[in-house]
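Encoded as structure tokens, the structure appears first; notes follow it.
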Amino acid sequence: MEAFHLLSRGGAQFDKKRFKKDVKLFNISTSIDKGKGVTRPDDGELPTELDFFKYAQGGPTKRKGIREPEQKAKKAKVSSEEEVSGTSTDAKPSTSMPRQRVTAKGNNVPAPLESFQDLITRYNVPPRLLDNLEHSGYLEPTGIQVHGVPILLEGRDLAAISPTGTGKTLAYLLPIFASLGAPASSSNDDTSRGVRALVLAPTRELAHQIHNECLKLAQGRKWRIVLFSKATASTLADKNVRDKVDIIISTPLRMVAALQAGNLDLSNVRHLILDEADRMLDPEFLEQVQEVTGACCHSSVRKAVFSATLPANAEKIAMGMLDDPIRVVVGLKDTPLPLIAQSLTYVADDASKLPTLLQYLAQPYNPPVLVFVSTQPRASSLAEELVLSGVQNVDCLHAGMSMKEREDAISRMRKGESWVMVTTEVMARGMDFKGVREVINYDFPQSVQSYVHRIGRTGRAGREGKAVTYFTNEDGPFLKTIANVILQSGSTVPDWILKLPKPSKMKRRDMGKVKRADAVNNARRIGRSDAIKKREMIAASKRRKQKTREGGSNEADHASQKGELEDIDAQ
DNA sequence: AAAAAAC
């Protein structure tokens, strides 16, 4: 009984506090938005359509990964395939979201929603749920909600691909709430006993955020919605407590631990959601996820995967998990939103990054800024350097910190007390800080997926955003790939970057070898012209080629780089 | 390709 109290009390209290905070933040940022929106009314209309056609017709910068799915959809005019053009959403009066092309592929695709009111007329959804939507500021369904919600409500499996900040969470929570039925605590019916919905996410912060969203939308209902943690997991050892839980939000490993301890029964789960699906299907997570999905053994469990990115290998695994799935794609897969203004900044080498960032922060900027680095130590030390350099309200968040420190950092972020947040991949996915207008990739992202998710922390819910990515000579091999992604989503990149050799033909240099931390050179480099940057990058790419031909040693590489850099400096 | 995150 005590355990039971701990469980429900924790949830309820947190709910109210969070709810108020979120509402405040939300109101402030929307009012700012309206002002901005007026000055640029056409935003969001141009880029989406233009870009699709540019690449569908095979422009000079076409990319295989983007063209393929679109072409397939056109070639195979099978009756079971349905293409929904943007026109279905065009009819709507006014949405804060930019219009995006939607394709829904699969057997008997349910008709999209016209509005949230449709939920009452078509699916008998309790009006209270719609009230909660309205109170939370959700007035018009987004593309993924319009298409995804009916699919889930009609009990179909779904693979949903929709850009960052386009309302995926609501798209899967709404159907869960609409079809969950009576709370387990007030029911003797076996079918509504115990956990009936499970949402898996890759980080605790994201699980936490999803949980808050749940509490907001489920207000007035007596469902027990549990954010799985060490404390809550242990309370579930009591079967009486366990049977009264309706929804669990968790990271995979926590679930695995509880399953193995025998403290968890997932045999009545009817809704299973993988958020950030491609991340969850990464080799390191896959086994854990499979163990959890395996434990969801009810014959009528419906599964859905959601992400803004879904590389081919992840999609294959996902589709294998789903039963007669419908695949919905909003916008272009693996592509950032056009309303994020993206740019690349050349910084020559690692030592040049800090002065560049300090210079940036010395000018007026839009806090909070999210700064992404590649490792935990780099996050800590950069944050420290910024503080020492006199930058105000610097925060740091990575998974090496204690849970308390992590929670505090998030809370400062939510309250707007953080101006510069230095972080790792832990924050790259799913986190929704409505105020974030700028993202800086201090360290070059390690994949297109990472890039798309990182910069997707801004430009959320129809707002504009700005993303800057630093690149060094060492980042050359992946520069063109990211440049193409930028181009594809409506931003521009310097011509000379697009003329770099193909990434596939370059071999990545061994890292950590040549670190020229010459402060004088660094200071000079920051102000260099494009022409010089171009020379340096091409020289770097030549060195890489030569090195792969020779299979060269460290010293040889060092010497040749030094020589070439000195040549350039001399001019 | 590679670090991060998951407990």
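Protein chains get the first letters and strands the later ones, always in sequence-line order, with residue 1 at the start of each. Remember, it's a predicted structure, so these values are computed and weren't measured experimentally. All heavy atoms count here, side chains included; hydrogens, waters and symmetry mates do not.
Side-chain atoms of Ile248(A) and Val199(A), non-hydrogen and from C-beta on, never get closer than 4.5 Å to each other.
Residue contacts for Ser450(A): at a heavy-atom cut-off of 4.0 Å it reaches no nucleic acid atom on any strand shown. Residue-level contact check: Arg406(A) touches the backbone only, with heavy atoms under 4.0 Å from sugar-phosphate atoms and none from bases. The residue Ala399(A) sits close only to the backbone: its heavy atoms come under 4.0 Å of sugar-phosphate atoms, none of a base. Residue Pro202(A) is in sugar-phosphate contact alone, with no base atom involved, counting any heavy-atom pair closer than 4.0 Å across all strands shown.
Between Ile482(A) atom CD1 and dA1(B) atom P there is a gap of 14 Å when expressed in whole angstrom units. What separates CG of Leu253(A) from C1' of dC7(B) is a distance of 5 Å, to the nearest Å. The interatomic distance linking Phe478(A) (CZ) with dA2(B) (C1') rounds to 9 Å, in whole Å. Atom CD in Gln446(A) sits about 14 Å away from atom C1' in dA5(B), given to the nearest Å. The separation between Asn441(A) atom CG and dA2(B) atom P is 19 Å, rounded to whole Å. Rounded to whole Å, the distance from OH on Tyr442(A) to C1' on dA3(B) is 18 Å. Atom C1' of nucleotide dA3(B) and atom CE of Met427(A) are separated by 17 Å, given to the nearest angstrom. Rounded to whole Å, atom C1' of dA5(B) lies 8 Å from atom CD of Gln376(A).
In this structure, Arg429(A) does not reach the dA5(B) phosphate: none of its side-chain N or O atoms is under 4.0 Å from OP1 or OP2. Remark: Ser374(A) is not in phosphate contact with dA2(B), judged by side-chain N or O atoms under 4.0 Å from OP1 or OP2.
A salt bridge does not link Asp265(A) with Arg242(A): every distance from a Lys NZ or Arg NE/NH1/NH2 to an Asp or Glu carboxylate oxygen is 4.0 Å or more.
A donor-acceptor pair shorter than 3.5 Å can be found between the side chains of Asp278(A) and Ser307(A).
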Please evaluate residues Asp243(A) and Lys239(A) with respect to the criterion salt bridge (charged side-chain N to carboxylate O under 4.0 Å, His left out), reporting the C-alpha separation (whole Å), side-chain torsions for both, the decisive distance (0.1 Å), and the verdict. CA-CA 6 Å; Asp243(A) 282 349; Lys239(A) 193 176 183 306; 2.8 Å; yes
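Listed nucleotides dC7(B), dA1(B), dA6(B) differ in distance to Arg254(A); the shortest reach to its side chain belongs to dC7(B). When distances are taken from the side chain of Thr251(A) to each of dA4(B), dA1(B), dC7(B), the shortest belongs to dC7(B).
Under the side chain to side chain contact (heavy atoms under 4.5 Å, CB included) test applied with Leu264(A), the options Leu198(A), Leu259(A), Val256(A) reduce to a single match, Leu259(A).
Here the CD atom belonging to Glu276(A) is positioned 11.5 Å from the CG atom belonging to Leu281(A), to the nearest 0.5 angstrom.
Residues from residues 276-291 of chain A with heavy atoms under 4.0 angstrom of DNA chain B, sorted by number: Arg279(A), Glu284(A), Phe285(A), Gln288(A).
A cation-pi arrangement is not found for Lys168(A) relative to Phe306(A), the charged atom failing to lie both closer than 6.0 Å to the ring centre and inside a 45° cone about the ring normal.
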